[in-house]
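This report refers to the structure that appears directly beneath it.
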Amino acid sequence: MRGFFTLLFVLVVGTTFGQNTIEFPQTVIGGVETRLPVTTSDSLLVIGDQTYAVETTVDGSSFITYTFHPGKKEDFSKFQHNSEPSVIPGWWAVIPPLIAIALALLIKEVIISLFAGIFIGAATLGFYTDGLSGIFSAFLKVLDHYILTALADSDHLSVILFSLLIGALVAVISKNGGMKGVVNRIVKYARTRRSGMLSTYFLGIAIFFDDYANTLVVGNTMRSVTDKLRISREKLAYIVDSTAAPIAAVAFVTTWIGAELGYITSGIDKINENEVLITEGAYSIFMNSLTYSFYPILTLIFMFMLIWKRKDFGPMYHAEREAIENGVQSPTNEANPDALDTEEFEPADENKIRSFNAVIPIMVVVLGTIGGLIYTGMLSWKTTFIESGISLGNGFFHALETHQETSLSFVQRTGLIIGEANSYEALLWSSLVGLSLAILLTTAQKIMNLRDTMDVVISGIKTMIPAIAILVLAWSLAHVTADLRTADVIKDAFGSTFAPWLVPGITFVLSAVIAFSTGSSWSTMALVYPIMIPTAFAMGQEAVGFDGMALLYNTVASVLAGSVLGDHCSPISDTTILSSLASSCNHISHVRTQMPYALTVGAVALFVGIIPGALGVPFYITFPVAILILYAIIHFLGKRHLE
């Protein structure tokens, strides 16, 4: 309160007598440029031996950009001002995320690690604001400030609601037999080794909306079929594992999309904290990032080419030869597949296995999301047209072209509409309708009564709670890193000579290492996104000849791709373990046979896709070249099986 009256006095006196005033924050980060609001009629202000230009924002307020340094004192006596800020050494800005990452690697527990990172950041700010008492109050501030702020955001709440609805939908269509009905329709095409593997592959793509459901359903269902066709358990586990996460990561309606949009939105908010720099929506950024999602997409293509050409190399070739020559042998030291709890995916009534019980609700979600994006996007554009005085008399698309002052193709029109859409509304509407329809189909066919169906809904919601807890803590850590200006410190540490095109590649490798060490792609995204999204955009904006948004798209995709790569190679990954269990494959054998394939695709993705993409090479060149290289690797290194 005393600070408020001091500031009020400063503003009144400064305005009355025509003196220049400067408003200081409580704390600043040393070595990082800070905006200081000023009241002045001058265009230049002199502080010490430096002259600073007075800049004006769109709302008419003025500021100067000033850099504080620990231990350095400037003379502000000729300015009216409040108390000068405490200067936090810049290296403290990177400590909280580093603590979170290091703990996650050490104890393999991401929730505690994220909480610790938030606390260290809050304690740093508290100490430099209030001294030792600030450290003790920081523990409470983790909850009453950072976590509460994360939950108070309407976009964050939308992500949480969508994730809960999708979790419930997956549970219902599993229990009502819809998912097994889809499986049964695909399995009937498995007659030869190649068709058996292709059936498994396409089934993995068909169950695109959840990686856990994908892994457990496909592995358990196809195991008996692939055993008869002499397809090794290692190959089954590879197909199951390497379709589950990649397809869930890039499909636009999955249990992953809510978290991805949440991280992207949080990053945009931190970038736009002082002024609006990015007007593009989170969903549009995600869609644009898909042109840089090399590892997930190339993994799916690489696997298809392996199956179609009936070739393998490395440990997988020997596993397949053994299965062909001696049949599939049950591993002697495997984890007991019977111990795997798959009850939530087992149909409630085996006599009512109908694929439409899953297909109809999922199609409603997919088509409803597309429709919702178009509807909300067009509403947004109509508001813009009205404000700009553009008539809609000749139709919406004519008005759009008038606004853009150029003719537009269908793809360009669609991109502009989706770019202005409210993705959260579209996702919430479609998932609510899809879940309601799934409940209606279940009860109308008397597969389960309403009470049992709602119990399944609650069970599905519960499965999403751990992911949501990680998500909320990740948002809170992003808030801490924003307060500590972590992205700016990292950017300045790289220096002006650091090449921005290296950022996506470094991000990809860093994400892969963290995911490998922690065994969780979700945890990795939670740790890396808050740091790298603002950093990439800042470096892209400042570098000559670089598009800040293109670098942002590439970095967004690289975090996701690196997380999936590390997850595929990690022996402690939850989806890797589930793939081994569901396929009844020796876990170490699965990791040993899958890793060469994952690293091969990862290397091509990095050197042929991510780095050239950051240098400006378009995706319609990088993707074909990467696919040709992978084809050549299979053709020349792979050995064909004699069946």
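Every heavy atom of this structure was used, including side-chain atoms; hydrogens, water molecules and symmetry mates were not. Predicted model only: the values in this text are computed from it and were never measured.
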If I compare all heavy atoms of [X] with all of [Y], which pair ends up nearest, and what's the gap?
X: H568; Y: T576; result: O-OG1, 4.1 Å
X: T243; Y: L300; result: CA-CD2, 4.0 Å
X: P571; Y: V591; result: CA-CG2, 3.9 Å
X: A323; Y: I231; result: CB-C, 4.3 Å
X: Y201; Y: I307; result: CB-CD1, 4.1 Å
X: A426; Y: T369; result: CB-O, 3.8 Å

Once you round to the nearest 0.5 Å, how far does [atom1] of [X] lie from [atom2] of [Y]?
X: R233; Y: S583; atom1: CZ; atom2: OG; result: 8.5 Å
X: Y238; Y: L306; atom1: OH; atom2: CG; result: 5.5 Å
X: D269; Y: I264; atom1: CG; atom2: CD1; result: 12.0 Å
X: I297; Y: I627; atom1: CD1; atom2: CD1; result: 9.0 Å
X: L229; Y: K235; atom1: CG; atom2: NZ; result: 12.5 Å
X: Y263; Y: I268; atom1: OH; atom2: CD1; result: 15.0 Å

Are any of the side-chain heavy atoms of [X] and [Y] separated by less than 4.5 Å?
X: K639; Y: F313; value: no
X: P315; Y: P596; value: yes
X: V480; Y: S476; value: no
X: Y597; Y: M303; value: no
X: V604; Y: I633; value: yes
X: V328; Y: L236; value: no
X: I285; Y: Y553; value: yes
X: W308; Y: L198; value: yes

Main chain of [Y], side chain of [X]: is a donor-acceptor contact present, judged purely on distance under 3.5 Å?
X: R640; Y: R310; result: no
X: S570; Y: G566; result: no
X: S289; Y: F286; result: yes
X: S430; Y: L427; result: yes
X: T291; Y: N288; result: yes
X: E320; Y: S232; result: yes
X: N554; Y: I610; result: yes

H635 and K311: CA distance, side-chain angles, deciding distance, side chain to side chain contact (heavy atoms under 4.5 Å, CB included) verdict = CA-CA 8 Å; H635 182 77; K311 285 188 173 184; 4.0 Å; yes

Kindly indicate, with the supporting measurements, whether the criterion side chain to side chain contact (heavy atoms under 4.5 Å, CB included) is fulfilled by L373 and I417.
-> CA-CA 8 Å; L373 290 171; I417 292 170; over 6 Å; no

From the list Y292, Y295, F294, ring-ring contact (aromatic ring centres under 6.0 Å, His included) partner of F623 resolves to F294

Heavy-atom count around [X] [atom1] within 6.0 Å, excluding the residue itself: above 12?
X: F202; atom1: CZ; answer: yes
X: W91; atom1: CH2; answer: yes
X: F619; atom1: CZ; answer: no

May I have the step-by-step check of side chain to side chain contact (heavy atoms under 4.5 Å, CB included) for T600 and L630, ending in yes or no?
-> CA-CA 8 Å; T600 297; L630 290 175; 4.3 Å; yes

When you check the side-chain N and O atoms of Q594 and S242, is any donor under 3.5 Å from an acceptor?
-> yes

